[in-house]
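Shown next, in structure tokens, is the structure this report addresses.
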Amino acid sequence: MTACTYRFTPAVRYLKHLVDSGELGDVRIFRSQRFLDLPESSNGWRQSKKLAGAGYIYDMTTHRLDFAQYILGPLKEVTGDVAQFVPRDRDAAGSSCAPSDVDDYAAVLGRFESGAKGVWEGTSLMKGYHYDGLGKEWAEVVGSKATAVYQLSDPNSILFGVAGETMGPRPVPPEFLKWPGSPRDPTQGKPSATFRL
């Protein structure tokens with residue numbers, strides 16, 4: 001089983017359906033942004049390469065790469081870059097601590113086997129992107145007929161638009177609101193958290 005839970009998001013599952021059904025046309029571009037506005041103090045195990053393996057690219061970008069392939073199929077090749085902008089050498093109280101030795105920014109460019117192109121960008125340092133702790137999660141699939149967008153802030157709805165129109169909200173159909181066989185009631189709880197159940 002894959003532990004990348006975002007593929008269970010109703011809107012992500014619906015985007016896959018729109019791609020598979022041809023409603024978007026020939027898929028050309030996948031674009032993802034995951035921006036968080038986190039404190040620049042120590043963030044525990046996440047800032048240790050020994051414990052986390054890497055930084056933002058492992059912690060957050062891997063989820064976006066996973067659900068992009070869930071929607072569009074395998075990636076053929078990728079390239080990218082990471083950076084560390086903040087040492088995180090102070091804890092929340094301001095006391096000195098071991099500095100971070102991992103990245104806090106990641107950017108990836110990719111080519112899917114289908115010929116579509118992908119762009120992923122993420123960081124935990126985006127000032128003004130708090131949004132009640134959710135940050136900005138935007139994943140966009142652009143086809144020759146239409147564009148569809150998933151946002152973590154509203155996982156039971158997508159933005160959808162065809163050529164010559166402005167994108168607008170479209171509810172995710174009921175059959176995509178929970179994974180087949182899940183006992184979860186999609187009308188209960190906070191949608192941005194409960195899709196994982």
Side-chain angles (χ1 to χ4, degrees), residues 3-16 28-49 52-72 75 78-90 92 99-110 112 116-142 147-161 166-170 172 190-196:
C4 291
T5 58
Y6 288 87
R7 64 170 56 193
F8 298 108
T9 309
V12 169
R13 294 180 56 234
Y14 186 42
L15 288 184
K16 178 175 176 46
R28 298 172 174 167
I29 301 165
F30 177 90
R31 188 170 66 96
S32 171
Q33 294 176 318
R34 180 63 168 132
F35 296 153
L36 295 169
D37 182 358
L38 299 180
E40 294 188 5
S41 55
S42 170
N43 61 354
W45 66 268
R46 284 186 161 98
Q47 75 177 38
S48 167
K49 188 171 189 174
Y56 200 85
I57 196 160
Y58 274 29
D59 191 25
M60 291 290 173
T61 309
T62 54
H63 290 283
R64 276 90 225 147
L65 291 164
D66 173 73
F67 72 67
Q69 291 181 92
Y70 171 70
I71 295 168
L72 297 176
L75 280 160
V78 296
T79 188
D81 195 15
V82 296
Q84 182 194 62
F85 292 106
V86 177
R88 296 187 191 271
D89 56 359
R90 300 274 175 197
S100 174
D101 61 354
V102 297
D103 60 277
D104 50 31
Y105 171 84
V108 177
L109 295 172
F112 291 89
K117 307 299 184 242
V119 178
W120 294 261
E121 184 183 25
T123 183
S124 58
L125 303 173
M126 294 296 282
K127 306 308 175 209
Y129 281 81
H130 191 263
Y131 298 104
D132 296 323
L134 289 177
K136 178 185 179 185
E137 169 87 74
W138 179 279
E140 180 173 7
V141 180
V142 180
T147 297
V149 174
Y150 147 74
Q151 300 174 89
L152 181 58
S153 60
D154 189 7
N156 293 343
S157 178
I158 64 167
L159 296 176
F160 184 87
T166 300
M167 285 191 294
R170 179 193 274 192
V172 170
K190 185 176 180 182
S192 60
T194 58
F195 71 83
R196 295 177 173 96

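Along the sequence shown, residues carry numbers from 1.
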Quiz prompt | Polar side chain donor-acceptor pair, Trp138 to Glu140, under 3.5 angstrom | solution = yes
Practice problem: Would you kindly say whether Arg46 and Tyr56 are connected by a side-chain donor-acceptor distance under 3.5 Å? | Solution: no
Could you report the tightest heavy-atom contact between [X] and [Y], atom names first, then the distance?
| X | Y | answer |
| --- | --- | --- |
| Arg64 | Tyr6 | NH2-CZ, 3.2 Å |
| Val102 | Gln84 | O-NE2, 3.1 Å |
| Ser157 | Val172 | N-CG2, 3.6 Å |
| Leu134 | Ser153 | CD1-CA, 3.9 Å |
| Tyr70 | Arg7 | CE2-O, 3.8 Å |
| Leu36 | Gly135 | CD2-CA, 3.9 Å |

Practice problem: Examine distances only and state if a side-chain atom of Asp103 and a backbone atom of Gly55 form a donor-acceptor pair shorter than 3.5 Å. | Solution: yes
Quiz item: So, Asp81 side chain and Ala107 main chain: donor-acceptor pair closer than 3.5 Å or not?
Solution: no
Self-check item: For Ser32, side chain to side chain donor-acceptor pair (under 3.5 Å) partners two or more places apart
Solution: none
Practice problem: Would you check, one step at a time, whether the test side chain to side chain contact (heavy atoms under 4.5 Å, CB included) holds for Leu125 with Tyr105? | Solution: CA-CA 8 Å; Leu125 303 173; Tyr105 171 84; 5.8 Å; no
Exercise. Output, in order, the C-alpha distance, side-chain angles, deciding distance and verdict of side chain to side chain contact (heavy atoms under 4.5 Å, CB included) for Arg34 and Leu152.
Key: CA-CA 10 Å; Arg34 180 63 168 132; Leu152 181 58; 3.9 Å; yes
Quiz item: In terms of side-chain geometry, is the basic nitrogen of Asp101 or Lys49 positioned less than 4.0 Å from the acidic oxygen of its partner?
Solution: no
How many angstroms lie between atom [atom1] of [X] and atom [atom2] of [Y], to the nearest 0.5 angstrom?
| X | Y | atom1 | atom2 | result |
| --- | --- | --- | --- | --- |
| Leu109 | Leu75 | CG | CG | 11.0 Å |
| Asp66 | Thr5 | CG | OG1 | 9.0 Å |
| Lys117 | Arg28 | NZ | CZ | 12.0 Å |
| Asn156 | Thr9 | CG | OG1 | 9.5 Å |
| Phe35 | Met126 | CZ | CE | 4.0 Å |
| Gln69 | Phe30 | CD | CZ | 10.0 Å |

Quiz item: Around atom OH of Tyr58, are there more than 12 heavy atoms of other residues, nucleotides or ligands at under 6.0 Å?
Solution: no
Quiz item: Looking at residues at least two apart in the chain, or sitting in another chain, which of them share a side-chain contact (heavy atoms from CB on, under 4.5 Å) with Ala148?
Solution: Leu15, Leu18, Leu24, Ile158, Phe160
Quiz item: Looking at Ser41, Ser124, Ser100, which hits side-chain hydrogen bond (donor to acceptor under 3.5 Å, both in side chains) with Arg88?
Solution: Ser124
Quiz item: Taking the inter-plane angle between the rings of Trp120 and Phe112 on a 0 to 90° scale, is it parallel (under 30°), tilted (30 to 60°) or perpendicular (over 60°)?
Solution: tilted
Side chains of [X] and [Y]: does their closest heavy-atom pair fall under 4.5 Å?
| X | Y | value |
| --- | --- | --- |
| Val142 | Arg31 | no |
| Val141 | Ile71 | yes |
| Val119 | Val108 | no |

Quiz item: Is it true that Tyr150 and Phe67 have ring centroids separated by less than 6.0 Å?
Solution: yes
Quiz item: With sequence neighbours left out, which residue pairs that include part of residues 120-129 fulfil the salt bridge (Lys or Arg N to Asp or Glu O under 4.0 Å) condition?
Solution: Glu40-Lys127
